[in-house]
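The shown structure was predicted, so the numbers you read here are calculated from the model rather than taken from an experiment. Within every chain, numbering begins at 1; the chains are lettered A, B, ... in the order of the sequence lines, protein sequences first and strands thereafter.
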Amino acid sequence: MRIATWNVNSITARLPRVLAWLEGSGTDVLCLQETKCTDEQFPREALRELGYDSAVLADGRWNGVAVVSRVGLDDVAPGLPADPGYDGRTEPRAIAATCGPVRVRSVYVPNGREVGHPHYAYKLGWLEALREAVAEDAAGERPFAVLGDYNVAPTDEDVWDRSLFEGATHVTGEERAALAALRGTGLTDVVPRPLKYDHPYTYWDYRQLCFPKNRGMRIDLVYGNAAFAAGVADAYVDREERKGKGASDHAPVVVDLDV
DNA sequence: ATGCCCTATCGCATAGGA
């Protein structure tokens with residue numbers, strides 16, 4: 001079973017690539033982030049023609065998550081029970097579903113903007129709400145994973161130049177402690193292999209030739225419970241999908257699971 | 001080392017991304 005996560009930076013702008021990639025990669029379950037569309041705009045029909053069902057949580061131009069599956073899509077759970085919201089509004093950043101033998105949760109963690117910004121406190125609060133929401137599945141016997149754009153680089157090895165991130169979000173002790181607490185529910189970081197170079201980066205800024213220079217970050221993560229981690233046969237970052245015109249700034253992370 | 005920001009919006013700049 002092939003499971004993947006991909007921040008597509010607009011499902012509308014990325015649709016031709018997403019459809020071609022699904023067909024070419026043979027992915028069974030795809031967790032999407034930053035769909036940047038309304039519920040009505042989500043391309044359910046185009047995906048259905050390829051044999052995929054979609055569970056969508058989206059409300060407009062920002063954020064938006066989905067689970068796309070051709071092996072079943074049941075017990076859909078949008079949002080987080082304890083979501084703190086931002087500026088008085090709850091944002092579409094999490095959705096869970098059961099796809100055959102596996103349960104997945106697609107997440108788009110808030111960016112945080114700057115340390116000390118209200119969005120940064122929101123990011124930490126949201127991660128705590130995520131921890132509460134996944135604790136039961138994480139401790140369970142069924143294979144389960146939280147996949148998505150965490151907007152946190154777990155270690156200094158996960159950014160291309162640590163010195164450039166001094167005082168910035170994505171690398172702080174608080175953010176990393178929040179990830180550690182999340183792992184404390186019983187989840188393991190399924191680190192993918194890079195298809196090139198030494199680090200499995202998943203994001204490269206559009207600007208300043210970051211991708212050709214491999215100035216990237218590993219911020220798209222797969223956190224699996226014990227049953228999930230035990231089934232991992234392979235995991236890799238499909239950097240080919242970051243190339244060329246019309247690419248997202250994130251590459252898909254792919255996991256092959258024996259279940 | 002496959003290319004020098006991109007996306008969405010009642011746009012004619014701006015917010016957000018990280």
Participant: Considering heavy-atom distances to DNA chain B, does A:Ser10 or A:Val109 have its closest nucleotide positioned more toward the 5' end?
Facilitator: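 Result of the comparison: A:Ser10.
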Participant: So which nucleotide does B:dA15 pair with, by the Watson-Crick or G-U wobble rule with both distances under 3.5 Å?
Facilitator: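 B:dT7 - that is the nucleotide pairing with B:dA15, both distances being under 3.5 Å.
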Participant: Nearest to the side chain of A:Asn151, heavy atoms from C-beta on, is which of B:dG16, B:dT9, B:dA18?
Facilitator: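 Per side-chain heavy atoms of A:Asn151, the pick is B:dA18.
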Participant: Quick one: which of B:dA18, B:dG17, B:dA8 gets closest to the side chain of A:Arg93?
Facilitator: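 When the side chain of A:Arg93 is considered, B:dG17 is the closest of B:dA18, B:dG17, B:dA8.
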Participant: Which sits closer to the 5' end of DNA chain B, A:Tyr203 or A:Lys213, going by the nucleotide each is nearest to?
Facilitator: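 Its nearest nucleotide being more 5', the pick is A:Lys213.
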Participant: Determine the contact category for A:Asp149: base if any of its heavy atoms lies under 4.0 Å from a base atom, sugar-phosphate if only primed atoms, P, OP1 or OP2 are that close, otherwise nothing.
Facilitator: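 Here A:Asp149 touches the backbone only, sparing every base.
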Participant: Quick one: A:Asn9 CG to B:dG17 P, roughly how many Å, whole number?
Facilitator: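 So the two atoms are 11 Å apart, to the nearest Å.
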Participant: Could you work out the separation of B:dG16 and B:dC10 based on their P atoms and round it to a whole Å?
Facilitator: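 Roughly 15 Å separates the two P atoms.
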Participant: Looking at every strand, decide which applies to A:Arg215 at a 4.0 Å heavy-atom threshold: base, sugar-phosphate, or nothing.
Facilitator: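 If one applies the 4.0 Å heavy-atom cut-off, A:Arg215 turns out to touch nothing in the nucleic acid.
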Participant: For A:Gly244, report the nucleic acid contact type (base, sugar-phosphate, nothing); a contact means any heavy atom under 4.0 Å.
Facilitator: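 Sugar-phosphate, backbone atoms only, no base.
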Participant: Which one, B:dT7, B:dT9, B:dG3, comes nearest to the side chain of A:Arg14?
Facilitator: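 Per side-chain heavy atoms of A:Arg14, the pick is B:dT7.
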Participant: Would you call A:Arg176 and A:Asp158 a salt bridge, taking side-chain N to carboxylate O under 4.0 Å as the test?
Facilitator: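 No salt bridge links A:Arg176 with A:Asp158.
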Participant: Which nucleotide, B:dG17, B:dT2, B:dA18, lies nearest any side-chain atom of A:His119?
Facilitator: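 The answer is B:dG17.
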Participant: What nucleotide, of B:dT7, B:dT9, B:dG3, holds the atom closest to the side chain of A:Gln41?
Facilitator: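 Within the option list, the nearest is B:dT9.
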Participant: Answer whether the closest heavy-atom distance between the side chains of A:Asp205 and A:Arg215 falls below 4.5 Å.
Facilitator: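 Contact flag for A:Asp205/A:Arg215 side chains = no.
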Participant: For the P atoms, the ones on B:dA15 and on B:dC4, what distance do you get once it is rounded to whole angstrom?
Facilitator: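 Their P atoms lie roughly 26 Å apart.
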Participant: Starting at CZ of A:Arg61 and ending at P of B:dA8, how long is that distance when rounded to a whole Å?
Facilitator: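 Rounded to the whole Å, the gap is 10 Å.
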Participant: Please state the C1' separation for the pair B:dT2 and B:dT14 - nearest whole angstrom.
Facilitator: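 Looking at atom C1' only, B:dT2 and B:dT14 are 32 Å apart.
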Participant: Do the ring planes of A:Phe211 and A:Trp204 sit parallel (below 30°), tilted (30 to 60°) or perpendicular (above 60°)?
Facilitator: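 The arrangement is perpendicular - the two ring planes meet at more than 60°.
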Participant: Would you kindly give the CG-to-C1' distance between A:Asn214 and B:dT2, to the nearest whole Å?
Facilitator: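 Atom CG in A:Asn214 sits about 14 Å away from atom C1' in B:dT2.
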Participant: Looking only at atom types and distance, does a side-chain atom of A:Arg93 sit under 3.5 Å from a main-chain N or O of A:Asn63, one as donor and one as acceptor?
Facilitator: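 Answer holds: no.
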Participant: Using atom P of each nucleotide, how far apart are B:dA8 and B:dA18 to the nearest Å?
Facilitator: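 It comes out at 15 Å once rounded to the nearest Å.
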Participant: Within this structure, what is the CH2-to-P distance between A:Trp62 and B:dG16, rounded to whole angstrom?
Facilitator: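 A:Trp62 atom CH2 is separated from B:dG16 atom P by 6 Å.
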Participant: Can you check the A:Gln33 CD to B:dT7 P distance for me, whole Å?
Facilitator: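 Spelled out: CD on A:Gln33 to P on B:dT7 is 17 Å.
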Participant: Is A:Phe165 touching bases, backbone alone, or none of the nucleic acid, heavy atoms closer than 4.0 Å?
Facilitator: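 It contacts nothing in the nucleic acid.
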Participant: Tell me which nucleotide among B:dA1, B:dG16, B:dA18 gets nearest to the side chain of A:Arg207.
Facilitator: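 The nucleotide sitting nearest to the side chain is B:dA18.
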Participant: With no hydrogens and no angle check, is any side-chain donor or acceptor of A:Thr202 less than 3.5 Å from a backbone partner on A:Ile219?
Facilitator: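 It does hold such a pair.
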Participant: Looking only at side-chain N and O atoms, does A:Tyr197 come under 4.0 Å of OP1 or OP2 in B:dA1?
Facilitator: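 Yes.
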Participant: Please state how far atom CZ in A:Arg17 lies from atom C1' in B:dC6, giving the value in whole angstrom units.
Facilitator: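 Atom-to-atom, A:Arg17 to B:dC6, this comes out as 13 Å.
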Participant: Heavy atoms only, 4.0 Å cut-off, all strands: where does A:Tyr108 land among base, sugar-phosphate and nothing?
Facilitator: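 A:Tyr108: backbone/sugar contact only, no base atoms under 4.0 Å.
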Participant: Rounded to the Å, how far apart are A:Glu34 CD and B:dA15 P?
Facilitator: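 To the nearest whole Å, that distance equals 18 Å.
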Participant: Applying a 4.0 Å non-hydrogen cut-off, can you work out what A:Asn111 is touching in the nucleic acid: base, sugar-phosphate, or nothing?
Facilitator: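 Since a base atom lies under 4.0 Å of A:Asn111, the category is base.
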Participant: Kindly determine whether A:Arg44 and A:Asp39 satisfy side-chain contact (heavy atoms from CB on, under 4.5 Å), including the steps that lead there.
Facilitator: CA-CA 10 Å; A:Arg44 285 185 178 77; A:Asp39 186 81; 3.1 Å; yes
Participant: Under 4.0 Å from OP1 or OP2 of B:dG17: is there any side-chain N or O of A:His170 that close?
Facilitator: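 Looking at the OP1 and OP2 atoms of B:dG17, neither is under 4.0 Å from any side-chain N or O of A:His170.
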Participant: Looking at A:Arg113 and A:His119, would you say the former's side chain and the latter's main chain have a donor-acceptor pair under 3.5 Å?
Facilitator: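 Such a contact is absent between A:Arg113 side chain and A:His119 backbone.
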Participant: Between B:dG17 and B:dC12, how far apart are the C1' atoms? Round to whole Å, please.
Facilitator: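 Rounded to whole Å, the distance is 23 Å.
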Participant: Nearest-Å distance, CZ (A:Arg239) to P (B:dT2)?
Facilitator: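 Interatomic distance, CZ of A:Arg239 to P of B:dT2: 5 Å.
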